[in-house]
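Accompanying notes for the structure given below.
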Amino acid sequence: MDAQPARFPERLLVAIGGNATHPQDIRGTTEEQLKVAADAALALMPLMTACKQLVVTHGNGPVVGKILLRQFHARQLVAPMRLDVCVADSQGGIGYLLTQAMENVLARAGNPRLVACVLTEVEVDRDDPAFSAPSKPIGPFFSADDARALAGTGWQMMQDCGRGWRLAVPSPEPKSIVNFPIIQTLAGEGWIVVAAGGGGIPVVRAADGSRSGIQAVVDKDLTSGLLARALGIEHLLILTSVSRVAIRFRKPAERWLDQVTAAEMRHYQAEGHFGKGSMEPKVEAAIRFLQAGGKRVVIAHLDEAVAALRGDTGTHIVPD
Ligand code: ADP
Ligand code: MG
């Protein structure tokens, strides 16, 4: 048992990273994914017990990237799915594994709480400038040589903060959560809700209000902040693959941040300390969330959720 009890907020949105739920070093077999989901569920267990309202969102970068690669290699045999459908596929697959793993740990602890996974669409603007400038890294990491070969076959490739080359796709701003009323109702009734996987399935609205999918991957951190605020949740916990946010990341005089204000983060962001498409959107989501009335954002390692809520680790971002 932990010596110091964590101060769990009653209402919390936890965003878990695509890279934390599908690490670089796994091939992606079902057995590996089950293990990763079980570990994530164990990490979330204290929150599932303590928080009266708990909404869990997750990334899908590595998984949707692998779906695209599979399609690419099988394209002569099977028609590829459009990117919005790939996002929906990844939401379903990850949501299935995560929900099952979460209910398994709850059941083992004799906790009758159930988990609902809500297929979530997110409205974006068809004129978003992101559509003409793909910026989101997804899928596996490639060497420079392999990246050049893939680029030659029509893929957009980008470097992901020194870790290697990845596929790049448009990542428009999330405007609103289409399935919000369902998420709100379920969370309000005490169900643990898994929602907005992969940032949500990107859709646009026609003049008559009807919606249709559009090819993009929305950043899950921005969607998570938006969803938390829409729900009136004041605490956002972003769990990823690093313990804290750094300035001068991987450079001389690197410094890990403990507690900072939104204004300080805005300043560091303007100085370019945060990786585009990785840490930068988390920081942006955090700042927006606090400006919209949120009380605290904690960015921490997936395995350190409880310690981070206790204040022992993580980067804590607070209003000015
Ligand atoms: P997730 O899948 O959780 O969204 P990402 O890989 O997108 O994770 O973002 C987390 C990664 O951001 C870290 O593993 C780290 O390599 C990278 N990163 C970029 N800039 C920073 C920074 N300033 N501080 C900490 N990590 C950073
Ligand atoms: Mg990310």
Side-chain angles (χ1 to χ4, degrees), residues 13-26 28 33 36-37 39-40 43-44 56-66 87 90-91 94 98 130 134-141 158-171 174 196-200 216-225 236-258 260 264-287 297-305 308 313-317:
L13 189 141
V14 188
I16 54 179
N19 294 309
T21 52
H22 196 107
Q24 270 185 66
D25 58 356
I26 68 168
Q33 292 191 60
V36 171
D39 289 346
L44 294 175
V56 179
T57 62
H58 62 83
N60 72 340
V63 173
V64 80
K66 285 183 182 176
V87 173
S90 72
Q91 226 183 56
I94 301 169
L98 205 52
S135 67
K136 180 161 178 75
I138 60 171
F141 291 81
M158 68 183 281
Q159 240 181 332
D160 187 352
C161 51
R163 294 179 295 185
W165 290 80
R166 301 176 79 186
L167 306 176
V169 296
S171 193
V217 177
V218 178
D219 185 84
K220 73 108 180 27
D221 298 304
L222 292 178
T223 302
S224 300
L236 175 60
L237 175 61
I238 299 179
L239 296 176
T240 182
S241 44
V242 280
S243 292
R244 287 184 177 88
V245 183
I247 51 170
R248 295 181 291 278
F249 180 60
R250 292 194 179 141
K251 296 203 181 101
E254 175 182 70
R255 181 159 74 85
W256 298 95
L257 303 170
D258 293 320
V260 273
E264 285 169 318
M265 279 313 241
R266 189 58 98 198
H267 173 78
Y268 293 140
Q269 183 189 34
E271 287 186 341
H273 289 281
F274 311 126
K276 295 262 171 265
S278 58
M279 190 49 76
E280 208 269 341
K282 294 185 205 312
V283 170
E284 179 63 31
I287 295 169
V297 180
V298 183
I299 301 177
H301 194 283
L302 175 66
D303 298 337
E304 298 174 338
T313 183
T315 296
H316 294 243
I317 312 167

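Hydrogens, waters and symmetry mates play no part in the numbers below; they use all other heavy atoms, side chains included. Being a predicted model, the structure only gives us computed values, none of them experimental. Residues take their numbers from the sequence shown, with the count starting at 1. Numbering of ligands and ligand atoms starts at 1, following listing order.
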**Request:** Mind checking whether T240 contacts ligand 1 via backbone (N, CA, C, O), side chain (CB onward), both or neither, at a 4.0 Å heavy-atom cut-off?
**Result:** both
**Message:** Checking the side chain of S171 only, and the main-chain atoms of V217 only, is there a donor and an acceptor separated by less than 3.5 Å?
**Reply:** yes
**Side-chain donor or acceptor of Q91 paired with backbone N/O of G197 under 3.5 Å** = yes
**Asked** Any N or O of G18 that comes nearer than 3.5 Å to an N or O of ligand 1?
**Response** yes
**Positive for side chain to side chain contact (heavy atoms under 4.5 Å, CB included) with L44, one of V14, D39, L237** = V14
**Message:** Please check this pair: side chain of E304 against backbone of A300, looking for a donor-acceptor N/O pair closer than 3.5 Å.
**Reply:** no
**Request:** Find all atoms of ligand 1 within a distance of less than 4.0 Å from any non-hydrogen atom belonging to K220, and give their numbers and elements.
**Result:** 4 (O)
**Asked** Can you tell me which residue and heavy atom of the protein come closest to atom 2 (O) of ligand 1, and the distance to 0.1 Å?
**Response** N19 N, 2.7 Å
**Asked** What residue and heavy atom of the protein are closest to atom 20 (N) of ligand 1, and at what distance?
**Response** G275 N, 3.0 Å
**Per-atom contacts of ligand 1 with V242, taking only distances under 4.0 Å to non-hydrogen atoms** = 13 (C), 14 (O), 26 (N)
**Message:** Is it the case that the side chain of T315 and the backbone of L257 share a donor-acceptor pair, with hydrogens and angles ignored and the cut-off at 3.5 Å?
**Reply:** yes
**Asked** Which part of E280 is near ligand 1, with near meaning a heavy atom under 4.0 Å away: side chain, backbone, both or neither?
**Response** neither
**Asked** Any idea which protein heavy atom is nearest atom 18 (N) of ligand 1, and the distance to it?
**Response** F249 CE2, 3.5 Å
**Message:** As a check for students: among R255, M279, K251, identify the option with a heavy atom nearest to atom 21 (C) of ligand 1.
**Reply:** M279
**Request:** Note the single closest protein heavy atom to atom 24 (N) of ligand 1, along with its residue, its atom name and the distance in Å.
**Result:** A246 N, 2.9 Å
**Prompt:** So how far is it from M265 CE to I299 CD1, rounded to the nearest 0.5 Å?
**Reply:** 5.5 Å
**Request:** Just jot down the ligand 1 atoms closer than 4.0 angstrom to any heavy atom of R244, in number order.
**Result:** 25 (C)
**Asked** Does a side chain donor of either H267 or E271 reach within less than 3.5 Å of an acceptor in the other side chain?
**Response** yes
**Item:** Nearest neighbour of atom 19 (C) of ligand 1 from the list P23, G17, S278, on a heavy-atom basis
**Value:** S278
**Asked** Can you tell which of R163, K136, K282 gets a heavy atom nearest to atom 11 (C) of ligand 1?
**Response** R163
**S241 heavy atom under 4.0 Å from ligand 1** = yes
**Prompt:** Does R166 count as lying over the ring of F141, i.e. NZ or CZ under 6.0 Å from the six-ring centre, within 45 degrees of the axis?
**Reply:** yes
**Asked** Closest heavy-atom contact between M158 and K136?
**Response** SD-C, 3.8 Å
